[in-house]
Amino acid sequence: MSSYDPAALECLAAIVEEGGFERAAQRLHITQSAVSQRLRALESQVGSVLIVRSRPLKATPAGQLLLKHCQQLRLLRADLERDLRDLTPGSAGGLREDERIALAINADSIATWAPDALQPLVQDGLPLEVIADDQDFTPEWLRSGQVLGCVTTLAQALRGCKVLPLGAMRYVAVAAPDYAQAHLPQGLTAHNFHRVPFLSYNRKDDMQAEFVARCFGLPRVALGHIYLPSSEGQVRAVRAGWGVGVVPELLARSALAQGELVNLAPAFALPIALYWHCWNLQSALLDALTGALTAHAAQVLDAA
């Protein structure tokens with residue numbers, strides 16, 4: 001079995017994670033020529049192209065396998081550092097900045113419960129990288145080998161991974177009081193939802209259409225959108241009167257209680273079940289991440 005140079009593997013990871021050769025060189029503190037040489041040597045050893053020179057750069061299937069291997073090596077080193085610290089508490093060490101432990105988490109979880117769940121591990125020195133994406137698309141980061149775990153709506157375990165339920169996040173439709181009075185005085189109904197714009201994270205986000213369709217029993221709906229890729233930013237925009245937001249009740253709870261937002265469909269909330277996927281590996285760090293996320297989610301999310 002071939003043994004791959006860890007420096008070359010980290011070089012491959014840096015190219016993909018940073019999105020280019022120049023930024024990879026800056027992160028690794030080597031020349032761009034050295035980055036290219038390490039990649040060529042790795043491709044020669046594997047016998048396959050590892051990077052598609054597209055915009056953005058992306059890994060080939062062979063490159064994805066090596067990215068996953070690189071993440072696993074980072075995980076093993078992180079486990080070793082934790083064990084060494086337990087044996088010799090005064091010892092220095094830890095993963096380097098370019099050896100971050102990466103997770104993909106949906107933006108609404110990042111805006112609500114996930115940071116509190118991860119806080120003890122970060123305080124313990126874990127060099128964490130959290131990648132935000134729509135909850136339906138975070139598994140792609142895991143499939144590509146760029147992260148070791150993800151929070152997603154996918155219930156079925158990915159190949160080589162294990163899956164655990166986290167609970168359901170409840171979504172509510174909200175607007176500023178003045179906006180609601182002017183545009184939706186009777187609240188959100190099956191006859192007026194098309195008159196107002198809905199705040200959406202990006203063009204992949206179909207939460208708003210799902211909410212309206214399920215709320216009113218409609219097979220299909222078409223909405224007007226304002227795209228704003230920030231969960232907290234959407235709440236601020238809704239409070240400023242941009243339109244209607246379908247947001248986590250956790251995120252809107254305080255503003256609703258203070259009368260800064262109104263619930264446009266108080267009889268309905270959309271539950272979205274969330275799951276934690278991670279590689280099926282024996283790892284103290286991975287177990288700690290899994291335990292932290294599942295335990296905290298159980299406290300703040302509804303039972304799925």
Side-chain angles (χ1 to χ4, degrees), residues 1-82 84 92-105 107 110 122 125-134 137-150 158-161 202-204 229 277-279 281 283 285-286 289:
M1 181 177 179
S2 297
S3 177
Y4 299 104
D5 180 8
L9 291 171
E10 284 294 341
C11 186
L12 171 66
I15 294 169
V16 175
E17 291 168 357
E18 299 296 336
F21 286 72
E22 182 178 354
R23 292 183 62 181
Q26 292 172 356
R27 186 172 110 179
L28 298 174
H29 305 292
I30 58 177
T31 65
Q32 191 169 336
S33 175
V35 169
S36 298
Q37 290 173 8
R38 289 184 186 181
L39 178 63
R40 283 198 299 269
L42 192 57
E43 289 179 327
S44 177
Q45 183 180 4
V46 175
S48 175
V49 174
L50 301 177
I51 295 289
V52 178
R53 272 72 166 177
S54 57
R55 292 190 179 182
L57 291 173
K58 61 181 182 180
T60 64
Q64 291 176 5
L65 288 176
L66 288 182
L67 283 173
K68 181 178 179 180
H69 180 57
C70 182
Q71 290 284 354
Q72 290 172 339
L73 289 177
R74 290 177 181 176
L75 190 60
L76 288 171
R77 288 193 290 271
D79 279 336
L80 176 61
E81 291 296 338
R82 286 167 62 91
L84 287 173
L95 292 178
R96 303 190 309 267
E97 165 62 19
D98 58 311
E99 296 181 345
R100 291 164 291 181
I101 299 300
L103 312 176
I105 302 179
I110 293 172
V122 174
L126 179 68
L128 187 66
E129 177 178 9
V130 177
I131 297 169
D133 205 343
D134 183 273
F137 295 89
T138 48
E140 297 305 318
W141 293 89
L142 188 57
R143 287 191 182 98
S144 71
Q146 296 183 67
V147 301
L148 61 83
C150 70
L158 300 175
R159 182 179 180 184
C161 297
N202 56 28
R203 294 181 182 274
K204 297 186 293 186
H277 292 251
C278 64
W279 295 335
L281 299 173
S283 162
L285 177 56
L286 201 52
L289 279 167

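Computed from a predicted structure; not experimentally measured.
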Atom pair CZ (Arg38) and CG (Leu9), whose distance is rounded to the nearest 0.5 Å | 11.0 Å

Spatial distance of atom CG (Leu66) from atom CD (Glu43) [nearest 0.5 Å] = 10.0 Å

Residues that Glu129 engages under side chain to side chain contact (heavy atoms under 4.5 Å, CB included), provided they are two or more places apart = Arg100, Ala102, Ile131

Arg159 meets the salt bridge (Lys or Arg N to Asp or Glu O under 4.0 Å) criterion, sequence neighbours left out, with none

Set of residues satisfying side-chain hydrogen bond (donor to acceptor under 3.5 Å, both in side chains) with respect to Trp279, sequence neighbours excluded | none

Identify, with sequence neighbours excluded, every residue that meets side chain to side chain contact (heavy atoms under 4.5 Å, CB included) alongside Val52.
-> Ser54, Lys58, Thr60

Residues in side chain to side chain contact (heavy atoms under 4.5 Å, CB included) with Arg143, at least two apart?
-> Pro139, Glu140, Leu154, Leu158

Decide yes or no for Leu281 and Leu148: does some side-chain heavy atom of the first lie under 4.5 Å from some side-chain heavy atom of the second?
-> no

Are a donor atom and an acceptor atom from the side chains of Ser36 and Gln32 found within less than 3.5 Å of each other?
-> no

If you take all heavy atoms of Ile110 and Ala132, which pair is closest and at what distance?
-> CD1-CB, 3.6 Å

Applying side-chain hydrogen bond (donor to acceptor under 3.5 Å, both in side chains), name anything that partners Gln146, two or more places apart in sequence or on another chain.
-> Ser144

Who passes side-chain hydrogen bond (donor to acceptor under 3.5 Å, both in side chains) against Arg40, sequence neighbours left out?
-> none

Sorted by chain and number, sequence neighbours left out, side-chain hydrogen bond (donor to acceptor under 3.5 Å, both in side chains) with Asp133 holds for Trp141, Lys204

Grab the two heavy atoms, one from Leu285 and one from Ala78, that are nearest each other, plus how far apart they are.
-> CD2-CB, 3.3 Å

Roughly how far, to the nearest 0.5 Å, is the CG atom of Leu286 from the CD atom of Gln72?
-> 10.0 Å

Just jot down the side chain to side chain contact (heavy atoms under 4.5 Å, CB included) partners of Leu65, sequence neighbours excluded, or say none.
-> none

Lys/Arg-Asp/Glu bridge criterion (N-O < 4.0 Å) met for Arg23, Glu17 = no

Indicate the atoms forming the closest heavy-atom contact of Val147 with Ala104, along with that distance.
-> CG1-N, 3.9 Å

Please examine the side chains of Cys161 and Leu142, heavy atoms only from C-beta on, and report whether any two atoms are closer than 4.5 Å.
-> yes

Would the number of heavy atoms belonging to other residues, nucleotides or ligands and lying under 6.0 Å from CZ of Arg53 be above 12?
-> yes

What's the spacing between Leu42 CG and Ile51 CD1 if we round to 0.5 Å?
-> 9.5 Å

In Å and rounded to the nearest 0.5 Å, what is the CG to CG distance from Leu39 to Leu12?
-> 6.5 Å

Nearest-0.5 Å distance that lies between atom CD in Gln64 and atom CG in Leu50 | 11.0 Å

Test item: Leu73 and Arg77 side chains (from C-beta on) under 4.5 Å apart, heavy atoms = yes

